[in-house]
Participant: 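Right, I'll just put the structure down here and ask away after.
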Amino acid sequence: MKLLLNSNGENSRPTTKDILNDVISSQSSIFSCRKKLELDYVPSFLPHREDKIKELGIVFKDILNDGYIRSIRTVVMGKTGTGKTATTSAFENEFKKIANERGSKVEIVHVNCHKQRTLYLISLEIANRLRLPVPTRGLSSQEIFKIIHDYLEKRNMHLILTLDEFNQFIDTAPQEEIYFLARIYDEISATTKRISYIFIVNDPYSLYRLDKSIKDHIVQRVIEFSPYSSNELFDILKARTEEAFVKGAILDDALRFISDIYGQDKGGSGNARAAIETLVVAGEIAEKQGAFMVTVEHAKEANGSVNPEVPQILDNLVDADLHQLLIIKALIQLVKRNRNEEVQMGTLENEYQKLCIDFGEEPRKHTQIYENIRRLRQYGVLNTRQSGKGMRGRTTLISFTLPLDSKFEDFVNSQIRGRMSSR
Ligand SMILES: Nc1ncnc2c1ncn2[C@@H]1O[C@H](COP(=O)(O)OP(=O)(O)O)[C@@H](O)[C@H]1O
Ligand SMILES: [Mg+2]
């Protein structure tokens with residue numbers, strides 16, 4: 001703790017007030033706008049989701065035609081963190097603006113079925129958002145929907161209702177309520193159909209289970225969001241840091257490290273939310289240490305504390321065989337000796353062979369070593385990437401996904417001892 005002038009102007013131990021004032025008024029050297037990394041913030045750019053925005057536009061553009069009478073439905077499907085909520089929200093904001101500029105009255109209401117768990121709560125939420133007064137007692141949800149529809153009719157308006165986390169609703173709501181939503185125009189009579197839907201789900205199974213009489217009214221088209229690859233996550237993190245980080249306050253290598261952990265092609269979940277969370281924690285760690293830049297070290301430490309998969313990774317290692325563990329030990333030694341996060345394939349192979357001799361083991365052949373590294377990558381313990389230009393030829397670079405602390409080292413050594421003694 002540095003010595004501060006306290007509120008009396010004396011040079012002594014800082015008071016609580018001094019400490020807090022110092023923290024509150026100091027500017028972050030890392031974040032320029034933390035707010036923009038929060039979950040409900042809709043970023044201005046959504047790299048790699050341009051096609052999805054286009055698809056949504058194609059599906060819904062007919063609503064803007066005068067006298068349009070159909071009710072459009074689309075399912076948006078993809079795993080957690082693939083950008084479903086962010087992309088539909090961005091679409092909704094802009095589509096509504098464009099519609100209004102063209103003189104079409106379009107309202108869009110985005111409901112999260114995790115929060116609004118019943119048809120009744122959904123109907124109240126819509127009424128609320130349309131600023132439509134409804135008595136809070138005595139009306140059924142069906143009646144409230146009728147009031148909403150009459151309101152849309154009177155104003156010649158179309159409503160796009162986005163039901164986010166819709167599988168929650170399918171799993172918990174009574175069949176009649178799902179039926180009502182899906183077949184709303186069998187339930188309320190209307191000359192013009194004024195309500196269209198975006199159903200957001202994170203797995204197809206809840207839809208499969210639906211009765212055909214309901215399913216056909218929900219699953220008319222499906223827009224699929226696939227898990228992000230490592231390169232896609234890199235572009236996403238880059239775009240997000242440009243909005244929320246001080247210029248130059250994060251190294252591309254750190255972004256690359258995080259992208260490689262979560263990229264689906266690298267055995268990760270392809271989840272942008274987890275990647276962004278790791279990014280934020282890495283920024284906080286750098287900030288706490290008084291660094292001016294987020295490095296791979298910070299990202300690694302962040303991963304150790306954020307990644308829910310870490311205990312799982314260690315669990316996986318319990319199944320690793322002796323030679324896989326020797327590869328890990330070789331990598332530990334090299335990283336420590338060279339003070340370099342990444343190690344070239346050939347260097348690792350040499351170190352592993354030396355270790356084998358120390359342990360009286362016959363080293364495995366090149367293809368087997370490669371296979372073992374691939375397996376360790378699947379366990380989530382290693383990252384691999386191809387070296388870029390600047391190095392002679394192209395080679396595979398290998399690094400740990402976890403911080404290399406003594407606990408990890410002890411764990412690996414004890415596993416190796418266990419394998420040796422059981423021979
Ligand atoms: N293509 C993208 N570009 C920028 N940020 C993204 C992108 N995709 C997802 N995100 C961000 O990742 C987080 C998770 O995305 P979200 O839309 O909530 O995923 P889902 O709804 O599919 O679970 C959010 O903070 C979101 O802003
Ligand atoms: Mg979502």
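For the single chain, residues carry numbers from 1 onward in sequence order. Just so you know, ligand 1 is whichever comes first in the structure, and atom 1 is the first atom listed for that ligand.
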Participant: Report the part of Ile276 in contact with ligand 1, treating N, CA, C, O as backbone and CB onward as side chain, heavy atoms under 4.0 Å; options are side chain, backbone, both, neither.
Facilitator: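 Looking at Ile276 and ligand 1, just side chain atoms fall under 4.0 Å.
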Participant: Give the atoms of ligand 1, by number and element, whose distance to some non-hydrogen atom of Lys79 is under 4.0 Å.
Facilitator: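 Per the distance check, 22 (O).
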Participant: Of the backbone and side-chain N, O or S atoms of Asn202, does one lie nearer to the Mg ion (ligand 2) than 2.8 Å?
Facilitator: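 No, outside the cut-off.
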Participant: Counting each atom of ligand 1 from 1 as listed, which ones have a heavy atom of Tyr228 under 4.0 Å away?
Facilitator: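 Every atom of ligand 1 under 4.0 Å from some heavy atom of Tyr228: 1 (N), 2 (C), 7 (C), 8 (N), 9 (C).
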Participant: List in chain and number order the residues that pass salt bridge (Lys or Arg N to Asp or Glu O under 4.0 Å) with Asp211, two or more places apart in sequence or in another chain; answer none if no residue qualifies.
Facilitator: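 In terms of salt bridge (Lys or Arg N to Asp or Glu O under 4.0 Å), with neighbours along the sequence ignored, Asp211 is linked to no residue.
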Participant: Going by heavy atoms in the side chains, are Ile373 and Arg377 under 4.5 Å from each other?
Facilitator: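 No. Closest side-chain heavy atoms not under 4.5 Å.
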Participant: Quick test: of every protein heavy atom, which one is nearest to atom 1 (N) of ligand 1, and how far off is it to 0.1 Å?
Facilitator: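 It is Pro47 O, 2.8 Å.
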Participant: Is it the case that over 12 heavy atoms from other parts of the model lie below 6.0 angstrom from the NZ atom of Lys215?
Facilitator: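 Check passes, neighbour count above 12.
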Participant: Backbone or side chain, does any N or O of Thr80 fall under 3.5 Å from an N or O of ligand 1?
Facilitator: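 No; every N/O pair is 3.5 Å or more apart.
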Participant: Quick check on side-chain contact (heavy atoms from CB on, under 4.5 Å): which of Arg374, Met345, His323 does Ile369 satisfy it with?
Facilitator: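 Among Arg374, Met345, His323, the one meeting side-chain contact (heavy atoms from CB on, under 4.5 Å) with Ile369 is Met345.
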Participant: Check the pair His110, Phe91 against ring pair (Phe, Tyr, Trp, His ring centres under 6.0 Å), reporting the backbone distance first and the verdict last.
Facilitator: CA-CA 11 Å; His110 191 121; Phe91 162 77; over 10 Å; no
Participant: Give me the residue, atom name and distance of the protein heavy atom closest to atom 19 (O) of ligand 1.
Facilitator: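 Answer, as residue, atom name and distance: Gly83 N, 3.2 Å.
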Participant: What do you reckon, does Lys84 have a nitrogen or oxygen under 3.5 Å from a nitrogen or oxygen of ligand 1?
Facilitator: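 By distance alone, the answer is yes.
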Participant: Is the centre of the Phe166 ring less than 6.0 Å from the centre of the Phe169 ring?
Facilitator: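 Centroid separation for Phe166 and Phe169: below 6.0 Å.
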Participant: Compare His48, Arg273, Arg240 and give the one whose heavy atom is closest to atom 27 (O) of ligand 1.
Facilitator: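 Minimum heavy-atom distance to atom 27 (O) of ligand 1 goes to Arg240.
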Participant: Compare Gly81, Ala239, Ala275 and give the one whose heavy atom is closest to atom 20 (P) of ligand 1.
Facilitator: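 Shortest heavy-atom distance from atom 20 (P) of ligand 1: Gly81.
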Participant: Please name the residue in the list Gln333, Lys329, Lys336 that meets the side chain to side chain donor-acceptor pair (under 3.5 Å) test with Glu409.
Facilitator: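 Exactly one pass, corresponding to Lys336.
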Participant: Nearest protein heavy-atom contact for atom 4 (C) of ligand 1: which residue, which atom, what distance?
Facilitator: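 Scanning the protein heavy atoms, the shortest distance from atom 4 (C) of ligand 1 goes to Ile236 CG2, 3.5 Å.
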Participant: Check this for me: does any side-chain nitrogen of one of Glu55 and Lys52 sit under 4.0 Å from a carboxylate oxygen of the other?
Facilitator: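 Salt bridge between Glu55 and Lys52, a charged N being under 4.0 Å from a carboxylate O: yes.
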Participant: Given Pro43, Ser44, Ala86, which has its nearest heavy atom closest to atom 17 (O) of ligand 1?
Facilitator: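 The residue whose heavy atom sits nearest atom 17 (O) of ligand 1 is Ala86.
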Participant: In terms of atom number and element, which parts of ligand 1 are under 4.0 angstrom from non-hydrogen atoms of Leu39?
Facilitator: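 The atoms of ligand 1 under 4.0 Å from a heavy atom of Leu39 are 24 (C), 25 (O).
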Participant: Would you say Phe225 touches ligand 1, if touching means a heavy atom closer than 4.0 Å?
Facilitator: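 Not so, Phe225 does not reach ligand 1.
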Participant: With a 4.5 Å cut-off on side-chain heavy atoms, are Asp18 and Thr15 touching?
Facilitator: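 Result yes, sub-4.5 Å side-chain heavy-atom pair found.
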